Visitor: 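Would you mind keeping the following structure in view while I ask a few things?
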Amino acid sequence: MTPPASSPPASLDVQHAAFVDSRFLAMPIAGAIAWTGIGIAGALLPLFAAAWVLFIGTGMIFYLGLGVARFTGEDLLGRRRKGNYFDQLFLLTVASALLVYGIAIPFFLVEPTSLPLSVGVLTGLMWVPFSGLMRHWIGLFHGVVRTVLVVGAWYIFPDSRFVVIPAVIVAVYLVTIVVLARRASARSRMA
């Protein structure tokens, strides 16, 4: 007895259209929440306790995004679009952001106040390929502006790095959220 024939996978164009149709709000909202907590911890806690909050908080962004996605109606894990190549690429960009701790941790051990700089810049790099995946400028904006402002803040505010750098990152996230919300609204009006 032969198994029933399965339907062929959707073309890459169809998969990309399904991917691009997402609102993409859950992750930046989660990032803004996490970095807000990191900034508050930086203002209230001693350096090493604030560093632990930064490690834990940034490590939780994806999981927090899964929770936020329940409210935004997004499918971060691609459960409704099984086998979507672009969902898989997106998850790989998230995974690559976690690998940057291989740079951040040794740098932190030498210079503890480097942590918001290294994690802030390196985890923000995932926005660059994401911009290409979604074919929208906001990812490039987020990655480039975040990098420039975080590096600038690191030099300008050496005594407040655990407060100012998270504030800069949250500000960039807020701009990103507004742009993505407007994009989603415009796409829904066109549909």
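Since this is a predicted model, take the numbers as computed values, not measurements.
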Visitor: Is it possible for you to say whether Leu47 and Ile38 belong to one hydrophobic cluster, with membership spreading through side-chain heavy-atom contacts below 4.5 Å?
Guide: yes

Visitor: Can you find a heavy atom in the side chain of Leu117 that is under 4.5 Å from one in the side chain of Phe107?
Guide: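 Result yes, sub-4.5 Å side-chain heavy-atom pair found.
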
Visitor: Using modelled atom types and a 3.5 Å cut-off, is there a donor and acceptor pairing between side-chain atoms of His16 and backbone atoms of Leu133?
Guide: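 Yes, because the side chain of His16 sits within donor-acceptor range (under 3.5 Å) of the backbone of Leu133.
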
Visitor: Going by heavy atoms in the side chains, are Leu91 and Phe62 under 4.5 Å from each other?
Guide: yes

Visitor: Could you list the donor-acceptor pairs under 3.5 angstrom formed by side chains in residues 149-157, with sequence neighbours left out?
Guide:
residue, atom, partner, partner atom, Å
Trp154, NE1, Thr113, O, 3.1

Visitor: Look at the side chain of Arg161 and the backbone N and O of Ser114, then say whether any donor-acceptor pair between them is shorter than 3.5 Å.
Guide: no

Visitor: For a side chain to side chain contact (heavy atoms under 4.5 Å, CB included) with Leu122, tell me which candidate from Leu98, Thr147, Val100 qualifies.
Guide: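 For Leu122, the side chain to side chain contact (heavy atoms under 4.5 Å, CB included) test succeeds with only one of Leu98, Thr147, Val100, which is Val100.
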
Visitor: Distance from Arg183 atom CZ to Thr176 atom OG1, nearest 0.5 Å?
Guide: 12.5 Å

Visitor: Quick check for you: to the nearest 0.5 Å, what is the distance between Ser22 atom OG and Phe86 atom CZ?
Guide: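 Answer rounded to 0.5 Å: 14.0 Å.
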
Visitor: Give me the ring orientation class for Phe24 and Phe130: parallel if the planes are under 30° apart, tilted from 30 to 60°, perpendicular past 60°.
Guide: perpendicular

Visitor: I'd like to know if the side chain of Arg23 reaches the main chain of Thr72, judged simply by a donor and an acceptor atom lying under 3.5 Å from each other, with no hydrogens or angles considered.
Guide: yes

Visitor: Among the clusters formed by ILVMFWY side chains lying less than 4.5 Å apart, do Val170 and Val121 turn up in the same one?
Guide: yes

Visitor: Is it true that the side chains of Tyr101 and Thr58 contain a donor and an acceptor less than 3.5 Å apart?
Guide: yes

Visitor: Provide the closest heavy-atom pair for Ala34 versus Ile61 in the form atom of the first, atom of the second, distance.
Guide: CB-CG1, 3.5 Å

Visitor: Does any part of the side chain of Val119, heavy atoms only, come nearer than 4.5 Å to the side chain of Trp35, both counted from C-beta?
Guide: yes

Visitor: Using every non-hydrogen atom in the two residues, find where Arg146 and Ile169 come nearest and quote the distance to one decimal.
Guide: CZ-CG2, 3.9 Å

Visitor: Looking at Ser160 and Val163, would you say the former's side chain and the latter's main chain have a donor-acceptor pair under 3.5 Å?
Guide: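 Side chain of Ser160 to backbone of Val163, a donor-acceptor pair under 3.5 Å: no, none is there.
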
Visitor: Taking a hydrophobic cluster as the set of Ile, Leu, Val, Met, Phe, Trp and Tyr residues connected by side-chain heavy atoms closer than 4.5 Å, whether directly or through intermediates, do Phe55 and Tyr63 fall within one such cluster?
Guide: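 Yes, same cluster.
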
Visitor: Can you tell if the side chain of Ser118 reaches within under 4.5 Å of the side chain of Phe108, non-hydrogen atoms only?
Guide: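 Side-chain contact under 4.5 Å: no.
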
Visitor: Begin with the C-alpha distance, continue with both residues' side-chain angles, and end with the deciding distance and a verdict on side chain to side chain contact (heavy atoms under 4.5 Å, CB included) for Ile29 and Phe71.
Guide: CA-CA 11 Å; Ile29 291 170; Phe71 297 101; over 6 Å; no

Visitor: Identify whether Ile40 and Val164 are in the same connected component of the hydrophobic contact network (ILVMFWY, side-chain heavy atoms under 4.5 Å).
Guide: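 No, Ile40 does not connect to Val164 through the hydrophobic network.
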
Visitor: Could you tell me whether the side chain of Trp127 reaches within less than 4.5 Å of the side chain of Pro28, counting heavy atoms only?
Guide: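 Touching, per the 4.5 Å side-chain cut-off.
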
Visitor: Check Ala50 against Ala41 and note the closest heavy-atom contact, atom names and distance.
Guide: CB-O, 4.0 Å

Visitor: Are Ile56 and Ile105 grouped together when hydrophobic residues (ILVMFWY) are joined by side-chain heavy atoms under 4.5 angstrom apart?
Guide: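 No, no single cluster joins them.
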
Visitor: Does the Ser96 side chain pair with the main chain of Thr93, one donor and one acceptor, at a distance under 3.5 Å?
Guide: yes

Visitor: Look only at the side chain of Ser131 and the backbone of Val128, and say whether a donor-acceptor pair between them is shorter than 3.5 Å.
Guide: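 Pair absent, no side-chain N/O of Ser131 close to backbone of Val128.
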
Visitor: Rounded to the nearest 0.5 Å, what separation is found between the CD1 atom of Ile177 and the CZ atom of Arg182?
Guide: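 It comes to 13.0 Å.
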
Visitor: Could you check whether any side-chain heavy atom of His136 comes within less than 4.5 Å of a side-chain heavy atom of Val179, counting everything from C-beta outward?
Guide: yes

Visitor: Side chain to side chain contact (heavy atoms under 4.5 Å, CB included) between Leu180 and Met134: does it pass, once the steps are laid out?
Guide: CA-CA 11 Å; Leu180 289 173; Met134 70 178 291; 3.6 Å; yes

